[in-house]
Amino acid sequence: MTSGQVTFSNIHFTWRQVSHHPMIVACHCEGRGWKFWGDSNLKSKFWGRSIQLDPVGVLTLEFDDGEIFQWSKVTTSIYNLILGKLYCDHYGTMRIEGNREYSCKLKFKEQSIIDRNPHQVQGIVQDRNGKTVATLLGKWDESLHYVLGDHSGKGRGLEQWYEACLLWKRSNPSQFPTRYNLTHFAITLNELKPGLKEKLPPTDSRLRPDQRCLENGEYDMANAEKLRLEQRQRQARKMQEQGWKPRWFAKKKGSETYRYIGGYWEAREQHKWEACPNIFSQASTTDQMLV
């Protein structure tokens, strides 16, 4: 079971693979005045040249004053798996439910073959009485704008929204693109800065040897390490079937969702990883895959 953690200014984010089959990743994030948590599971359908991924689970954002917002992700499809240029599309309706005054509904338009304006997102914000108090418009890969009031029937183009305010905008691509077009942020997620390695548990994904070999251009070694780790994962799956339980996350009572139970950051501060075996090392006959 791999895990990871990220520390930004006043933000702690940790995630962990809590189940092999089905493959589920749970996460927990804390910032100044808010908490975010959720788990990720997928139901997939293979259609020959494409694959459809339907996320299962709810994401939750809670503020210190007690206001909560919950939502689920929309469907993602990946096309041209066999021939042609690979691309993905997100579509469906995302409902962001609030426990107080406001809720939001966002519709991700499915792309068609003749669509010249793909990736559109339209939505409304409503109060508890069902009145539309704001309208949203944009693209999931570019930006999202809003304007106060109900403007859902007044055109789809931003040029008609004279009072539109910017909510979110993607960062400009790097002037020096990488092999996989990763952003600067994505690259730093796997970076081992001086002094960081000593603070990480042996289960941290940044310590994966196959991943590191791939970054270094050692492709044959990366493939060999990947096959070796997959074999170890199969052993870990057997442990799961025998009643294995993840650390730092547990199923919420009466639910299939996972919640953070604490302890990770305390263990990191004290460098106490005795209960976390080195899952990336060479396996032995006495190896206990208790992660």
Side-chain angles (χ1 to χ4, degrees), residues 22-25 27 36 38-61 69-97 102-126 132-175 177-187 189:
M23 204 283 281
I24 302 176
V25 176
C27 71
F36 167 82
D39 51 46
S40 176
N41 187 11
L42 293 172
K43 290 184 178 180
S44 61
K45 296 179 181 178
F46 182 65
W47 300 105
R49 296 196 302 173
S50 66
I51 186 170
Q52 177 181 320
L53 305 173
D54 294 306
V56 178
V58 177
L59 304 176
T60 302
L61 174 63
F69 293 96
Q70 292 185 311
W71 67 97
S72 298
K73 296 180 180 179
V74 296
T75 297
T76 295
S77 285
I78 304 174
Y79 300 94
N80 294 337
L81 295 176
I82 300 176
L83 184 65
K85 183 178 180 180
L86 195 70
Y87 72 96
C88 71
D89 191 26
H90 306 293
Y91 55 90
T93 300
M94 176 184 293
R95 291 178 172 82
I96 306 172
E97 303 291 344
Y102 301 108
S103 296
C104 177
K105 181 171 69 174
L106 292 173
K107 183 176 181 180
F108 291 66
K109 182 183 178 182
E110 185 174 4
Q111 183 176 347
S112 65
I113 300 178
I114 60 175
D115 194 351
R116 296 184 179 181
N117 191 22
H119 309 160
Q120 293 183 51
V121 180
Q122 300 177 24
I124 56 174
V125 177
Q126 295 180 312
T132 298
V133 296
T135 309
L136 301 99
L137 181 68
K139 293 186 176 183
W140 55 259
D141 64 337
E142 290 185 4
S143 62
L144 190 66
H145 292 73
Y146 81 94
V147 63
L148 296 178
D150 188 354
H151 296 262
S152 55
K154 297 183 179 180
R156 297 182 177 180
L158 282 174
E159 65 277 0
Q160 302 181 36
W161 291 33
Y162 302 110
E163 301 176 358
C165 299
L166 180 66
L167 278 173
W168 164 85
K169 183 179 181 180
R170 73 171 184 180
S171 301
N172 292 326
S174 173
Q175 296 181 350
T178 63
R179 178 186 294 270
Y180 301 105
N181 292 321
L182 298 176
T183 63
H184 175 74
F185 173 73
I187 293 174
L189 290 178

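Just so you know, residue 1 is the first one in the sequence shown, and it goes up from there.
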Using a 3.5 Å distance criterion without hydrogens, assess whether the side chain of [X] forms a donor-acceptor pair with backbone atoms of [Y].
{"X": "Ser72", "Y": "Gly57", "answer": "yes"}
{"X": "Thr60", "Y": "Gly38", "answer": "no"}
{"X": "Asn80", "Y": "Lys85", "answer": "yes"}

For residues [X] and [Y], report the shortest heavy-atom separation together with the two atoms involved.
{"X": "Asn41", "Y": "Pro22", "answer": "OD1-CB, 3.9 Å"}
{"X": "Leu106", "Y": "Cys104", "answer": "CG-SG, 3.9 Å"}
{"X": "Leu86", "Y": "Tyr79", "answer": "CD1-O, 3.1 Å"}
{"X": "Lys109", "Y": "Tyr91", "answer": "C-CB, 4.2 Å"}
{"X": "Val74", "Y": "Thr93", "answer": "CG1-C, 3.9 Å"}

What's the spacing between [X] [atom1] and [Y] [atom2] if we round to 0.5 Å?
{"X": "Ser50", "Y": "Lys45", "atom1": "OG", "atom2": "NZ", "value": "11.5 Å"}
{"X": "Ser77", "Y": "Glu110", "atom1": "OG", "atom2": "CD", "value": "7.0 Å"}
{"X": "Ile78", "Y": "Ile51", "atom1": "CD1", "atom2": "CD1", "value": "6.5 Å"}
{"X": "Gln111", "Y": "Cys88", "atom1": "CD", "atom2": "SG", "value": "9.5 Å"}
{"X": "Trp71", "Y": "Leu59", "atom1": "CH2", "atom2": "CG", "value": "5.5 Å"}
{"X": "Ser40", "Y": "Leu42", "atom1": "OG", "atom2": "CG", "value": "5.0 Å"}

Checklist entry - Between Asn117 and Lys139, does a side chain to side chain contact (heavy atoms under 4.5 Å, CB included) hold up when you go through it step by step? => result CA-CA 9 Å; Asn117 191 22; Lys139 293 186 176 183; 2.6 Å; yes

Checklist entry - After noting the C-alpha distance and the side-chain angles of Leu136 and Val121, does the key distance pass the side chain to side chain contact (heavy atoms under 4.5 Å, CB included) rule? => result CA-CA 8 Å; Leu136 301 99; Val121 180; over 6 Å; no

Item to check | Intermediate values then yes/no, side chain to side chain contact (heavy atoms under 4.5 Å, CB included), Gln122 and Thr135 | outcome: CA-CA 8 Å; Gln122 300 177 24; Thr135 309; over 6 Å; no

Item to check | Worked check of side chain to side chain contact (heavy atoms under 4.5 Å, CB included) between Leu81 and Arg49 | outcome: CA-CA 5 Å; Leu81 295 176; Arg49 296 196 302 173; 5.7 Å; no

Checklist entry - His90 vs Trp140 aromatic rings, parallel, tilted or perpendicular, using cut-offs 30° and 60°? => result perpendicular

Checklist entry - With a 4.5 Å limit on heavy-atom distance, are the side chains of Ile124 and Gln126 in contact? => result yes

Checklist entry - Do Ser143 and Leu166 have side-chain heavy atoms sitting under 4.5 Å apart? => result yes

